[in-house]
Amino acid sequence: MSALTSKSVLRPRAGGPRKWAEQRFMTALPYFFSLLRCVKPVWNVAGMTLTSRYDHVREVFATEAKFGVMYKQKLDIIMGGEPFFLGTDDRSQHHDDTAALCKVILPSDLQRLASDVEERATRIINTNKGQIEIVNDLTRQVSFDFLATYLGIPSPANGDLRVWATRLFEFLFADGGNDLALRAEVDEIAPALRAHIDAIITLRKQNKGDDDVLARCLTLQSAHEPGFSDVQIRTALMGMIVGGPPQPPMVLPQAMEQLLKRPQILAEAQAAARNNDDETLRRYVLEAMRFDPLGPGLWRVALTDVTLARGTRHEVTIKAGSHVLAAFASAMMDSRRISNPKAFNPHRPAADYMHFGYGLHACFGRYINLATLHLMLKPLLKQPGLRRAPGADGKLSKNGPFAERLVVRYDFD
């Protein structure tokens, strides 16, 4: 089957001993980084540097003049050579590109997006009547539907936007081994998605339609606003599709798994949902994400020789070109900066969290995420008798870095 027409959002993975080894490796990572935080918080090893303490991870994120991103080569493949701000360390270009997006993705949209997400999730919960698979049938469905509608880019007639975007996301962020089979699928999907968006842009020039992000882009294009050529519009929308909706179905099932592990905390989160106390519910979900974030960290590359942790006994000079892991999962468990990090505390200050990074490459969609993530789970959390499904279905399973399946039940009248 062609990658373009595949219905499988996640690629099949190796089973047997390799899967067992991968699972053991991921289980051991928190203990490994806990040890590193104590004995070697900045560790040069095998041509790369691992950072594990809060201060050092934040220093990497906040020093964008010295630590650049590593996405350009793969973004060029995805975007057909067109620049996208995620792959550039040029502050001026980054500012111009994000400033253009800020003209069409507006703070005043957040309340509408929040309401849309909650309504979509409510319809799904009411339809499923007592049992639901959270990864694909709730969070992935809501995430892609609401963002595709907001951007003005529906799924292609010859494929599934969930499959296409997730493949490109995996290639960009989770393909450390440069998988040739994945690259072959990307070589099919990337030009097809570019052509799909180009066709929509052409069609919408004839009829702008709803007030979505694409319609706003075309209005600014008509007014000769810089940054809104057809190619620039396509690249910006494609970047939002690839970088955005694949993430909630990864991290929200992990957050739900953390809530299910803690019956009293789950009851408190459910009380917040039933009381429509969205701010408190958001705090519970962000805190649950701290115990199992999207990934263990983000890679950066040293742009010059740079000294990290200067003036401390952990001071390390990193050579230009070396890869550096900013392990934000470890940083959010650093007792030097995070009070009682092993305790579930939804009342932590916002500075305790690194879910969305810092500095030049802080997640562009962080405000949309903060407005909507908890609302994808809210209608489910309102349900009485919320519990795991029996057997393996009721325990979160993973496919590489992706959440794969988690089924829960609830009492439905």
Side-chain angles (χ1 to χ4, degrees), residues 64 69 71-72 75-117 120 143-157 161 164-165 168 172 190-245 247 356 359-372:
E64 62 263 13
V69 291
Y71 307 124
K72 184 179 185 307
L75 273 172
D76 283 347
I77 294 168
I78 293 173
M79 301 298 184
E82 297 297 331
F84 181 62
F85 62 82
L86 185 61
T88 178
D89 296 310
D90 184 322
R91 292 186 66 86
S92 177
Q93 182 181 350
H94 192 281
H95 173 77
D96 290 346
D97 290 348
T98 54
L101 267 180
C102 287
K103 293 176 182 177
V104 293
I105 295 178
L106 308 174
S108 57
D109 294 337
L110 293 178
Q111 184 56 54
R112 175 163 64 97
L113 292 175
S115 297
D116 186 28
V117 164
R120 290 177 187 274
S143 180
F144 274 90
D145 284 353
F146 99 87
L147 197 60
T149 301
Y150 177 55
L151 296 177
I153 304 298
S155 208
L161 199 60
W164 291 15
L168 298 182
L172 183 58
L193 182 53
R194 295 197 298 270
H196 173 59
I197 298 174
D198 284 343
I200 294 174
I201 290 173
T202 299
L203 187 65
R204 293 288 297 275
K205 284 183 179 181
Q206 301 168 21
N207 179 8
K208 286 184 182 175
D210 297 334
D211 175 29
D212 51 32
V213 172
L214 176 53
R216 295 170 185 173
C217 288
L218 294 175
T219 297
L220 292 174
Q221 184 186 71
S222 299
H224 306 293
E225 188 83 4
F228 293 94
S229 69
D230 283 3
V231 169
Q232 287 171 314
I233 293 172
R234 176 238 284 163
T235 301
L237 294 177
M238 192 163 168
M240 292 295 291
I241 291 170
V242 173
Q247 297 190 54
F356 306 112
L360 185 69
H361 288 287
C363 174
F364 181 82
R366 59 192 180 279
Y367 298 113
I368 294 177
N369 284 322
L370 287 170
T372 60

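In this chain, residues are counted from 1 in sequence order.
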Checklist entry - Is there a side-chain contact between Gln247 and Asn369 (heavy atoms, below 4.5 Å)? => result no
Checklist entry - Where do Leu161 and Pro156 come nearest, in terms of heavy atoms and distance? => result N-CD, 3.9 Å
Checklist entry - From Ile200 CD1 over to Leu237 CG, what is the distance, rounded to the nearest 0.5 angstrom? => result 9.0 Å
Checklist entry - Do Ile368 and Phe146 touch side chain to side chain, with heavy atoms closer than 4.5 Å? => result yes
Next on the checklist: Measuring only between side-chain heavy atoms, which start at C-beta, is Leu75 closer than 4.5 Å to Val242?
Outcome noted: no
Item to check | Asp97 versus Phe85, closest heavy-atom pair with distance | outcome: CB-CB, 3.9 Å
Item to check | Side-chain (Glu82) to main-chain (Met79) donor-acceptor, under 3.5 angstrom | outcome: no
Item to check | Heavy-atom check, side chain of Asp212 versus side chain of Thr149, under 4.5 Å | outcome: no
Checklist entry - Does the side chain of Leu86 reach to within under 4.5 Å of the side chain of Leu172, using non-hydrogen atoms? => result yes
Checklist entry - Where the side chain of His196 meets the backbone of Pro154, is there a donor-acceptor pair that is under 3.5 Å apart? => result yes
Checklist entry - Are Arg120 and Asp116 close enough for a salt bridge, meaning some N to O gap below 4.0 Å? => result yes
Next on the checklist: Measuring from atom CZ of Phe228 to atom OG of Ser222, what distance do you get when rounded to the nearest 0.5 angstrom?
Outcome noted: 11.5 Å
Checklist outcome for this item: Minimal heavy-atom distance between Val104 and Asp109, with the atoms involved, is O-OD2, 4.1 Å
Checklist entry - In Å, rounded to the nearest 0.5 Å, how long is the span from SG of Cys217 to CZ of Arg234? => result 13.5 Å
Checklist entry - Which pair of heavy atoms, one from Ala114 and one from Ala371, lies closest together, and at what distance? => result CB-O, 3.5 Å
Checklist entry - Got a donor-acceptor contact below 3.5 angstrom from the Arg194 side chain to the Ile78 backbone? => result yes
Checklist entry - Should we count NZ of Lys208 as having more than 12 external heavy atoms under 6.0 Å? => result yes
Checklist entry - Just how far is it from atom CG of Leu106 to atom CG of Leu101, taken to the nearest 0.5 Å? => result 10.5 Å
Next on the checklist: For the residue pair Gln221 / Asp230, report whether a side-chain donor-acceptor contact shorter than 3.5 Å exists.
Outcome noted: yes
Checklist entry - Where do Leu168 and Met238 come nearest, in terms of heavy atoms and distance? => result CD1-CE, 4.2 Å
Checklist outcome for this item: Interatomic distance, CG@Leu151 vs CZ@Arg216, rounded to 0.5 Å, equals 10.5 Å
Next on the checklist: On a heavy-atom basis, which atom in Pro83 and which in Gln93 lie closest, and how many Å separate them?
Outcome noted: CB-NE2, 3.2 Å
Next on the checklist: Between His361 and Thr88 (side chain of the first, backbone of the second, donor and acceptor by atom type, cut-off under 3.5 Å), is there such a pair?
Outcome noted: yes
Item to check | CD1-OH distance between Ile105 and Tyr367, expressed to the nearest 0.5 angstrom | outcome: 13.5 Å
